[in-house]
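Side-chain atoms are counted along with the backbone in the values below, which use heavy atoms only and exclude waters and symmetry mates.
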2 protein chains.
Amino acid sequence: MDEPANNLVRYANYVVESESDQPSLASRLRLAVVRLNRRLRAQRASSSVSLTQISAMFCLRKCGPLSPSELAAKERVQPPSMTRVIAALEEAGFVSRRQHPTDGRQAIVELTERGTAYIEAEICAREAWLDLRLAELDPAERELLSRAAEIIDRMAGQ
Amino acid sequence: MDEPANNLVRYANYVVESESDQPSLASRLRLAVVRLNRRLRAQRASSSVSLTQISAMFCLRKCGPLSPSELAAKERVQPPSMTRVIAALEEAGFVSRRQHPTDGRQAIVELTERGTAYIEAEICAREAWLDLRLAELDPAERELLSRAAEIIDRMAGQ
DNA sequence: TATTGTTATACTCTATAACTATA
DNA sequence: TATAGTTATAGAGTATAACAATA
């Protein structure tokens, strides 16, 4: 798994392969992600739930109840950031908090029925803009993005 | 170009195709982009230039000198947001501002020599994290991400 | 002493509304 | 009156540092 030399070789190959008058793959992927993220955040106006909050709720739905620290680690943010996300979700009634049965320091955060329903239903409407953009692509492009989403998420989770 | 009915059909097909126990492509792509964006922003600590500023400089390098409004439109942000980006870049000496020859209201923003050098050189170092992640992929995955970056940027630019 | 979580504080990115200067 | 740009202000998202409670 840990083969820096090999990675460097492959990296060199990849650089050499790229056309010299075009930005690197890293540059292009970064700019694409920055711009799509900006557009997605701009769609939040119609909803009271932010992208960050939705991302955390997705994580809870996928993983089940988690402590704030676990949730912060999975979302790759610092604990104080997650404190704020959880507080907002709790106030909205989308997650509940209870004490850990044996460790008084820990809390356990889980989706409420309302939070689950929100994630499973309202998100579709919320994603209308992206859904439309995706619908304008041809099936091969969507298939490509589907695999790209998997790779990107894997990279971001490292 | 404008075929909503066709898009709806294709959208329906795409929904039917997806596995019912898996989040939609829109959800997965959105979460992947949010998480990678977060990781990329976290890499900014070592540099004084933000992702947003770099994105604007890339645009200037690609398009040549632009007015603040044109730059804001291309980056899909509001003019006041671009005002701040330009001010920061100007203070850092990466862009310069001059008056439009005939229209006194307009300004023209362009990369300085220093800004051009920055974009063409220092970005590579700045993207070390993403470069490493990309180097760990196999060539087919990088090729896939290269095409995905193109599609994503096109979607975000609409 | 180490871990979990929160509070305090600050910075970036973005937006809208209101203003100034020019056309 | 319309356009280009800036200033004022606000809110989201994130971080680090310092603190409290528990193990």
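- Across all strands, A:Gln78 comes closer than 4.0 Å to base atoms (heavy-atom distances).
- You'll find that the side chain of A:Arg105 is closest to C:dT3, out of C:dT3, D:dT14, D:dG5.
- Taking atom CG on B:Leu71 and atom P on D:dT6, their separation rounds to 11 Å, with Å as the unit.
- Contact between the side-chain N/O atoms of A:Ser67 and the OP1/OP2 oxygens of C:dT4 is not found at any separation under 4.0 Å.
- Judged by distance alone, the side chain of A:Arg38 and the main-chain N or O of B:Val77 form no donor-acceptor pair under 3.5 Å.
- At a threshold of 4.0 angstrom between heavy atoms, the contacts of A:Ser69 are confined to the sugar-phosphate backbone, with no base atom among them.
- Residue A:Glu90 places its CD atom among more than 12 non-hydrogen atoms of other residues, nucleotides or ligands, all under 6.0 Å distant.
- Residue A:Thr102 is in sugar-phosphate contact alone, with no base atom involved, counting any heavy-atom pair closer than 4.0 Å across all strands shown.
- In this entry the distance linking CZ of B:Arg84 with P of D:dA8 reads 12 Å, nearest Å.
- For A:Arg97, counting side-chain heavy atoms from C-beta on, the closest listed nucleotide (C:dG5, D:dT14, D:dT22) is C:dG5.
- Candidate nucleotides C:dG5, D:dG13, D:dG5 were compared by shortest atom distance to the side chain of A:Ala107, and C:dG5 ranks first.
- In this entry the distance linking CD1 of B:Ile86 with P of D:dG5 reads 8 Å, nearest Å.
- Relative to the side chain of B:Thr83, the nucleotides D:dT6, C:dT6, C:dT12 differ in distance, and D:dT6 lies closest.
- Rounding to whole angstrom units, CZ of residue B:Arg76 and P of C:dC13 are separated by 20 Å.
- No side-chain donor-acceptor contact under 3.5 Å links A:Ser55 and A:Thr52.
- For the pair B:Met82 CE and D:dT6 C1', the computed distance is 14 Å after rounding to whole Å.
- A:Gln106 has its CD atom 10 Å from the P atom of D:dA23, to the nearest Å.
- The residue B:Ala87 sits apart from the nucleic acid: no heavy atom pair falls under 4.0 Å.
- Applying the 3.5 Å distance criterion, the base of C:dT12 shares no donor-acceptor pair with the side chain of B:Arg41.
- Here the side chain of B:Thr52 is nearest to one of C:dC13, C:dA23, D:dT22, namely C:dC13.
- Here B:Arg38 lies in heavy-atom contact (under 4.0 Å) with sugar-phosphate atoms only.
- Shown here is B:Gln106, whose CD atom has more than 12 heavy atoms of other residues, nucleotides or ligands within 6.0 Å.
- Between B:Leu40 atom CG and C:dC13 atom P there is a gap of 13 Å when expressed in whole angstrom units.
- Between the side chain of A:Thr112 and the main chain of A:Phe94, a donor-acceptor pair closer than 3.5 Å is present.
- A donor-acceptor pair is defined here as one N or O able to donate and one able to accept, closer than 3.5 Å; no such pair exists between the side chain of B:Arg147 and the backbone of A:Glu141.
- Listed nucleotides: C:dT16, C:dC13, C:dT7. Nearest to the side chain of B:Pro80: C:dT16.
- Using a 4.0 Å heavy-atom cutoff across all strands shown, B:Pro68 reaches sugar-phosphate atoms only and no base atom.
- One interatomic measurement links the two molecules: CD of B:Glu75 to C1' of C:dT14, which rounds to 13 Å at whole-angstrom precision.
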